[in-house]
Amino acid sequence: MITRWAVKRTDDRLGFSRTARSGLNKVFPDHWSFMIGEIALYSFLYLVLSGVFLSLFFDASTARTVYEGSYDAVRGSEVSAAFASTLELSYDVRMGLVVRQSHHWAALLFVGAILVHLCRIFFTGAFRRPRGINWAVGVTLLLLAIVNGFAGYSLPDDLLSGTGLRVANAVLLSIPVVGGWLSFLVFGGEFPAEAMIPRLYVVHILIVPALIAALITAHMVILIRQKHTHFPGPGRTDTNVVGSRLWPSYAVRSVGLLFFVVAAALTLGGLVQINPIWYWGPFEPGSATAPAQPDWYVGWLDGALRLMPPWEPVAFGYRLSSVFLPAVVLPGLTFLVLYLWPVLERLVTGDRRAHQVLQRPRERPGRVAVGVAALTFYGLLLTAFSLDIVSQYTGIAVFALVYFFRVTVLVLPLLTGAIAFVLARALRDSDAEGLLALTGSDLRRSLRRHREVPGEPSDAEDTERRPATETEHAATGPVGRDEEESEPVRVEAGPVP
Amino acid sequence: MTRRSAEAWVAAAFLGATATAVGFIAAYVVDASPQALGGLLGATCALLALGLVIWSHTLLPHGTYVEERSPVQPPEETQDALVDTMARGSGGTPALVRRTLVLAGLGLGAALVVPLRSLLLPSSEPPGEALRHSPWQPGARLMTRAGDLVRSEEVVPGTELTVFPEGELRADDATAVVIRLPDEDVRLLDEATAALAVGGIVAFSKLCTHAGCPVGLYEQTTRQLFCPCHQSVFDVLRGAEPTAGPAVRPLPQLPLGVDDAGYLVARGEFRGQVGPSFWRPA
Ligand code: HEM
Ligand code: FES
């Protein structure tokens, strides 16, 4: 047969059959939550594909040109080449608008999927040893995705993105001591500088995507080396992986997922308008749109800017911008805590062992509480970034809403965190299937108990504190055995909880 | 699902994908709407995906497999051996060589960082200068975005007018908003504000002192300027002091005058720092 012949002839020259076969036999855990990371990967793939298409038409220049395309309201006026080419891409290039809008939708999907993926890793404890490195790689990917989304959003040189860049300029300026130079070096001069759009373009289509591609590769290589974690269940231990094999069922399903992601981006791109820059108009000095909302993944920062009380302390005789705390310190701390979380948790629990079996979220009520509180906090900031719109619809004055949110954003996370803690503890101790199966007495018991009762699975494990590697090595026979993996064995195992 | 019906479903999905793909090509040829193009190509991908997923779930070999996980961590000796190999020859590195190598590394690092200064375009002033000054000169005439000079009687009450220095229509940091106050308000102006006004006309920098957005909206009834970005509010009668929102400093005022020909002119620079705060002596 032709395949057999082709494989053999290639293998004669490259000698990959052993590795390839063990690769095809690789076992992946069956749980829907393991697909979220793949959604992020496939959105990136689509972003690159659609981005290459866009870059063939987009002209990243602030040079003034007279727009001559088919959009009536702008025809004949002087705009930047970037704005004109984006309009042309939207109105005169066939499929152009679909690709442009689907690129934007895919960007939202990309950041969203990374975020949900991060939550999955967080709440199940998948970041514990030995996966700390991949946690850090993942957090960096989130950061880069946000940066690239913002850069892309700013490219068409429209009024809305120009307003976003203004705020970005203020954020850079607010950094003590070096702010002015930082802003001028980034933009090439005083905002709005001509070099702005071409520079953002290089960042957007070369520098950050290359970094993302490199980091995704590292993410995958580390993943393959360490193998997936799996949820606890019958037959699932720290020394095996239980699930389905890569080839063929998993691979076919995953390619199916790829096409679902592309389908979502294209359908949204065709049917749901996003970023209609012709409504915003071109960037002009001294003009802004109202209301002005950035994409959601930077919206939480905008929300923080809105809620920050007017406060510009004078330090060492210098004025500290009121933008500094909400837009530099807050995201800085956010990412610092994200990067350090595995270490912080290790300090609290003292658990330094390697883990291959995940935790159900309920096994760590403390972590659930922190996670839920954080989600509430950032969710409220995200809501705060459209307070002017909320005010328009409800008729409540904006500043009343702002005062309300200033309090809420500090109080509500404590409340939701505490509730999540109690619920998680009730779930853990009662062994109920889900939240709905909890009874009143489970909750009462969870509320009353202040001290951990011995004999719970997770605590028992942790307090045992055995020298992990020795026992694990013993269980898998000869140590130092290299890459060659035994063929997976088929078993009857229960479903994943 | 039986095998037969699974096969039928998968085949139906793939057939559907083929049909929508053909539909997409036709739509492209006749230059159909973006809705049709995106919808059809999206449907093609969705149907293909559906077929693949059903195929995987029903027709392909399934089951739970167990793969042994050999520990990632090699034994102690192997690790030591690697470290020893890496350390090969380093024991003998003379301190002089080591130290000068570090020095050379630092030198190269600095040599690579310093040229970042080139990121500032040759045409641009360094920040210290540029951020403190706008193109307003004493005697500069006010010009609207459309390129018209402004006579004082042309400024009608109740509307705000965006102006630039004559010939500097793209100078963002020079943008100012000009407002004529009704006579009964002129008496309410505080002294400092009145001193920079001319005939009931005041001008303020249009860049919000919070994060630099152009302050877009003037509300005649409350004599307030609103910033669209984070809803700072500035009180025109009190020298554009912020009254709500995150802004801390007032909008800097532009001293106005009228030249011999009756055109509005600036009597100098803005009084205060234009735009967002940055690190400078308070
Ligand atoms: C990390 C991945 C990426 C993200 C999150 C992202 C996001 C975005 C966003 C939000 C826009 C604004 C679209 C709009 O106008 O509404 C945009 C524009 C653009 N992107 Fe990307 N993008 C990514 C990767 C790429 C890549 C790899 C390329 C090219 C090879 C690319 C090329 C472009 C071009 C040329 C534009 C401007 C065209 C336009 O705005 O119409 N992007 N991007
Ligand atoms: S820029 Fe005006 S309130 Fe923030």
Side-chain angles (χ1 to χ4, degrees), chain A residues 27 97-98 166-167 170 173 176-177 179-181 184-185 188-190 192 227 239-242 245 248-249 252-253 255-256 259-260 262-263 266-267 269-271 285-288 290 292 305-306 308 310 312 314 317-319 321-323 398-399 472 476 479-481 486 488-491 493, chain B residues 28 31 34-35 37-39 41-42 45-46 48-49 52-53 55-56 60-75 78 116 119-121 124 127-128 130-131 162 170-172 175 206 211-214 216 228-231 242 244 246-248 276-282:
Chain A
V27 168
L97 182 62
V98 176
R166 279 180 192 284
V167 179
L173 282 178
V177 188
W181 271 102
F184 273 54
L185 291 181
E190 186 173 17
K227 295 198 167 76
T239 58
N240 66 9
V241 192
V242 179
R245 287 185 302 193
S249 66
V252 171
R253 188 172 37 170
V255 175
F259 280 107
F260 267 129
V262 176
L266 277 170
T267 311
L271 301 182
S287 322
L305 281 175
R306 285 168 197 239
M308 178 74 193
E312 282 192 347
V314 172
Y318 285 81
R319 180 179 274 280
S321 164
S322 64
V323 171
V398 176
F399 57 90
E472 271 160 23
T476 49
V479 283
R481 206 173 34 145
S486 51
V489 201
R490 175 153 187 195
V491 295
Chain B
Y28 183 89
D31 196 6
Q35 286 83 346
L37 291 171
L41 199 57
C45 293
L48 195 58
L52 287 169
V53 170
W55 183 18
S56 161
L60 289 173
H62 256 274
T64 310
Y65 291 84
V66 175
E67 186 181 11
E68 287 308 317
R69 190 193 288 275
S70 47
V72 171
Q73 190 181 12
T78 318
L116 285 180
L119 284 174
L120 186 65
L121 293 184
S124 177
L131 284 174
T162 299
R170 302 202 66 77
D172 198 56
T175 338
K206 200 173 174 187
C213 286
C229 280
H230 317 104
Q231 287 79 47
V248 179
S277 297
F278 60 98
W279 189 253
R280 62 170 289 177

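Naming: A, B, ... by sequence-line order, numbering from 1 per chain.
Residues L52(B) and V252(A) share a closest heavy-atom pair of O-CG1, 3.3 Å. Closest of all the heavy-atom pairs between D172(B) and P192(A) is CB-CD, 3.4 Å. Pairing each heavy atom of F259(A) with each of A49(B), the nearest pair is CB-CB, 3.6 Å.
Side-chain atoms of R245(A) do not come within 3.5 Å of backbone N or O of P61(B) as any donor-acceptor pair. Using a distance-only test at 3.5 Å, with no hydrogens or angles considered, no donor-acceptor pair links the side chain of R69(B) to the main chain of T239(A).
Taking the side chain as every heavy atom from C-beta outward, F260(A) and V53(B) approach each other to under 4.5 Å. Side-chain contact between L131(B) and E190(A): present, with at least one pair of heavy atoms (C-beta onward) separated by less than 4.5 Å. Side chains of V167(A) and H230(B) form a contact here, defined as non-hydrogen atoms less than 4.5 Å apart. Annotation: side chain of S249(A) is in contact with side chain of S56(B) (closest heavy-atom distance under 4.5 Å). Contact check for P276(B) versus R166(A): no side-chain heavy atoms found under the 4.5 Å cut-off. Side-chain contact between V242(A) and E67(B) is absent, with no heavy-atom pair separated by less than 4.5 Å. Contact of the W181(A) side chain with the L120(B) side chain is registered, since non-hydrogen atoms from C-beta on lie closer than 4.5 Å.
Of the residues considered (L271(A), V314(A), L266(A)), L266(A) shows the highest number of contacts with chain B, using heavy-atom pairs under 4.5 Å. Most heavy-atom pairs under 4.5 Å with chain B: of the set V177(A), V323(A), V398(A), this distinction falls to V177(A). Residue with the most contacts toward chain B among S287(A), A170(A), S322(A): S287(A) (heavy-atom pairs, distance under 4.5 Å). In terms of heavy-atom pairs under 4.5 angstrom with chain A, the leader among P127(B), G128(B), S277(B), C229(B) is P127(B). Heavy-atom pairs under 4.5 Å with chain B were tallied for V255(A), V262(A), T267(A); the largest tally goes to T267(A). The greatest number of non-hydrogen atom pairs below 4.5 Å with chain B, out of G269(A), P285(A), P310(A), is found for P285(A). If you tally non-hydrogen atom pairs under 4.5 Å between each of G188(A), S321(A), G189(A), G180(A) and chain B, the highest count goes to G188(A). Per-residue heavy-atom pair counts under 4.5 Å with chain A were compared for A130(B), P214(B), A171(B), P34(B), and the maximum is reached by P214(B).
Looking at R280(B), the atoms closer than 4.5 Å to chain A (heavy atoms on both sides) all sit in the backbone: N, CA, C or O. Contact of S124(B) with chain A is made through the side chain alone, with heavy-atom distances under 4.5 Å. Only the side chain of L97(A) comes within contact range of chain B, with heavy atoms under 4.5 Å apart. Q35(B) touches chain A through backbone and side chain together, each having a heavy atom under 4.5 Å away. With a threshold of 4.5 angstrom between heavy atoms, A46(B) approaches chain A through its backbone and through its side chain. When heavy atoms are compared at a cutoff of 4.5 Å, T175(B) approaches chain A solely by way of its side chain, counted from C-beta outward.
With sequence neighbours excluded, no residue forms a disulfide (SG to SG under 2.5 Å) with C45(B).
Note that CH2 of W55(B) and CZ of R253(A) are 14.0 Å apart. Values are rounded to the nearest 0.5 Å.
Screening V27(A), V241(A), N240(A) for a side chain to side chain contact (heavy atoms under 4.5 Å, CB included) with V66(B), the sole residue that qualifies is N240(A).
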